[in-house]
K.L.:
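Below is a structure I'd like to ask you about.
When a residue number appears, it is its place in the shown sequence, counting from 1.
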Amino acid sequence: MTITFITGANKGLGRETARRLIECGHTVLVGARNRDQGEETAATLGARYVPIDVTDDASVAAAAADVAEHEGRIDVLINNAGVHGPVGDPGDLSAADALAVLDVNVIGVVRTTTAFLPLLRRSDDPVIVNVSSGMGSLALTHDPDRPESHVIAPLYTSSKAALTMLTTQYAKGLEGIRVNAADPGYTATDLNGHSGPQTVTEGTDAIVALATEEPGAGTGRFVSRHGEITWS
């Protein structure tokens, strides 16, 4: 049985990923900061709720200890928790704004990955999926035919560019662990006021595909529901 831990799994892409992976036969651990939403999601889907705030070292350590006690390992870690941050005029940004976004979208991934590595290393086929975005791609955000080029979201875009690069470094440095990044695409979620044209099911296609690949699949890739992206 594949055991999968998902951060930010109480709503949106995280919740839909949990639902779909349970359908695939995974044992899913719903990681979420909001206890009420996390417990409701877990009860509805048939998962187990694990409290985690990816911006808090003690919370992340407690979550890893909880999983070590109950499941003893994980096979798939999906770093999905994310925030959007301010949009519009970059001249209005503050250092506090930047720290808040990076603390979830990048540093939170580092915290969680480091804490859960011992559990992943107990797996026969450990996998990490980082939920990044085409919004962090230079090519896509400069292509006028792409929706990514029409949004000014300085901190979100820069954080996702950093996350994709972090993914490639993990892939090179973590021997025996597949580490890939997923681009959900422009999906209707709370993050964008449900303005995206894709459903959450479409938005989780790449995440689910990476989480369910056979052993020996590639590492260090950036993948959308349409295939692999040459990131630039």
K.L.:
Mind checking the CG-OG1 spacing from L210 to T219? Nearest 0.5 Å is all I need.
P.N.:
10.0 Å
K.L.:
Give me the atom names and distance for the closest heavy-atom approach of T112 to G108.
P.N.:
OG1-O, 2.8 Å
K.L.:
Taking the side chain as every heavy atom from C-beta outward, state whether T27 and R48 have any atom pair closer than 4.5 Å.
P.N.:
no
K.L.:
On a heavy-atom basis, which atom in A153 and which in M135 lie closest, and how many Å separate them?
P.N.:
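Nearest heavy atoms, A153 then M135: CB-CE, 4.5 Å.
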K.L.:
Can you check whether T199's main-chain N or O pairs, donor with acceptor, with E202's side chain at less than 3.5 Å?
P.N.:
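Confirmed, E202 side chain pairs with T199 backbone.
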K.L.:
Working to the nearest 0.5 angstrom, can you tell me the gap between Y170 OH and T113 OG1?
P.N.:
4.5 Å
K.L.:
Does atom CZ of R33 have more than 12 heavy-atom neighbours from other groups under 6.0 Å away?
P.N.:
no
K.L.:
Looking only at atom types and distance, does a side-chain atom of T41 sit under 3.5 Å from a main-chain N or O of N10, one as donor and one as acceptor?
P.N.:
yes
K.L.:
Would you kindly confirm whether V67 and I128 end up in one hydrophobic cluster when ILVMFWY residues are joined by side chain heavy atoms under 4.5 Å apart?
P.N.:
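Cluster IDs for V67 and I128 match.
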K.L.:
Step by step, would you call V109 with L166 a side chain to side chain contact (heavy atoms under 4.5 Å, CB included)?
P.N.:
CA-CA 9 Å; V109 171; L166 181 65; 4.2 Å; yes
K.L.:
When you measure from the side chain of T157 to the backbone N and O of G136, does any donor-acceptor pair fall under 3.5 Å?
P.N.:
no
K.L.:
Using a 3.5 Å distance criterion without hydrogens, assess whether the side chain of T204 forms a donor-acceptor pair with backbone atoms of T201.
P.N.:
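A pair under 3.5 Å: yes.
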K.L.:
Please assess E214 against D125 for the test side chain to side chain contact (heavy atoms under 4.5 Å, CB included), listing each intermediate value before the final yes or no.
P.N.:
CA-CA 9 Å; E214 294 297 320; D125 183 36; over 6 Å; no
K.L.:
Hey, are D56 and R111 close enough for a salt bridge, meaning a charged N less than 4.0 Å from a carboxylate O?
P.N.:
no
K.L.:
Using side chain to side chain contact (heavy atoms under 4.5 Å, CB included), reason through I78 and I207 one step at a time and then give a plain yes or no.
P.N.:
CA-CA 8 Å; I78 301 178; I207 305 169; 4.0 Å; yes
K.L.:
Roughly how far, to the nearest 0.5 Å, is CD of E71 from CG of L29?
P.N.:
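The CG atom of L29 sits 4.5 Å away from the CD atom of E71.
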K.L.:
I need the H84 NE2 to N105 CG distance, nearest 0.5 Å.
P.N.:
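The distance works out to 9.5 Å.
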K.L.:
Decide yes or no on side chain to side chain donor-acceptor pair (under 3.5 Å) for D183 and S224, but give the supporting numbers first.
P.N.:
CA-CA 5 Å; D183 171 22; S224 77; 5.2 Å; no
K.L.:
Under 4.5 Å between side-chain heavy atoms, counting indirect links through other Ile/Leu/Val/Met/Phe/Trp/Tyr residues: same cluster for L99 and V101 or not?
P.N.:
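No: no chain of side-chain contacts under 4.5 Å links L99 to V101.
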K.L.:
For residues L102 and L155, determine if any side-chain heavy atom of one lies less than 4.5 Å from a side-chain heavy atom of the other.
P.N.:
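The answer is no, as the side chains (C-beta and beyond) never meet within the 4.5 Å cut-off.
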K.L.:
Looking at CD1 of I6 and CD1 of I52, how far apart are the two atoms once the value is rounded to the nearest 0.5 Å?
P.N.:
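I6 atom CD1 to I52 atom CD1 measures 12.0 Å (nearest 0.5 Å).
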K.L.:
If you take all heavy atoms of P126 and D124, which pair is closest and at what distance?
P.N.:
CD-C, 3.8 Å
K.L.:
Does the T164 side chain pair with the main chain of K160, one donor and one acceptor, at a distance under 3.5 Å?
P.N.:
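Yes; at least one donor-acceptor contact below 3.5 Å.
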K.L.:
List the residues meeting salt bridge (charged side-chain N to carboxylate O under 4.0 Å, His left out) with R19, not counting sequence neighbours, and say none if there are none.
P.N.:
E16, E23
K.L.:
Where is the tightest heavy-atom contact between V106 and S159, given as atom of each residue plus distance?
P.N.:
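Minimum heavy-atom contact is CG2-O, 3.4 Å.
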K.L.:
Measuring only between side-chain heavy atoms, which start at C-beta, is E69 closer than 4.5 Å to D66?
P.N.:
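With C-beta onward as the side chain, the pair stays apart.
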K.L.:
Treating Ile, Leu, Val, Met, Phe, Trp and Tyr as nodes and any side-chain heavy-atom pair under 4.5 angstrom as an edge, say whether V131 and F222 lie in one connected cluster.
P.N.:
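Per the 4.5 Å side-chain linkage, V131 and F222 are not co-clustered.
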K.L.:
Quick one: CG on N79 to CG on N130, what's the gap to the nearest 0.5 Å?
P.N.:
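The CG atom of N79 sits 5.0 Å away from the CG atom of N130.
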K.L.:
If only atom types and distance count, is the side chain of H150 paired as donor or acceptor with the main-chain N or O of P144 below 3.5 Å?
P.N.:
yes
K.L.:
Compare every heavy atom of L163 with every heavy atom of S132, then report the nearest pair and how far apart it is.
P.N.:
CA-CD2, 4.0 Å
K.L.:
Atom NE2 of residue position H70 - does it have more than 12 heavy atoms of other residues, nucleotides or ligands inside 6.0 Å?
P.N.:
yes
K.L.:
Which heavy-atom pair separates T167 from N180 by the least distance, and what is that distance?
P.N.:
CG2-C, 3.5 Å
K.L.:
Look only at the side chain of D97 and the backbone of S94, and say whether a donor-acceptor pair between them is shorter than 3.5 Å.
P.N.:
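Indeed, once roles are kept as given, a pair shorter than 3.5 Å links the two residues.
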K.L.:
Check whether any side-chain heavy atom of L119 lies under 4.5 Å from a side-chain heavy atom of L77, and answer yes or no.
P.N.:
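A side-chain contact is absent here, since even the closest heavy-atom pair is not under 4.5 Å.
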K.L.:
Is E40 salt-bridged to R15, cutoff N-O under 4.0 Å?
P.N.:
yes
K.L.:
Any chain of hydrophobic side-chain contacts (each under 4.5 Å) joining V30 to V127?
P.N.:
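Yes, it is one cluster - the side chains of V30 and V127 are joined through contacts under 4.5 Å.
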K.L.:
What verdict does the side chain to side chain contact (heavy atoms under 4.5 Å, CB included) test give for V208 and R225, after you've listed the backbone C-alpha separation in whole Å, the side-chain angles of each residue and the deciding distance to 0.1 Å?
P.N.:
CA-CA 10 Å; V208 171; R225 66 190 296 257; over 6 Å; no
K.L.:
Please determine, by modelled atom types, if T55 and D53 share a side-chain donor-acceptor pair under 3.5 angstrom.
P.N.:
yes
K.L.:
Would V129 end up clustered with L120 when hydrophobic side chains under 4.5 Å apart are linked, directly or stepwise?
P.N.:
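No, because V129 and L120 fall into different hydrophobic clusters, even though each may have its own neighbours under 4.5 Å.
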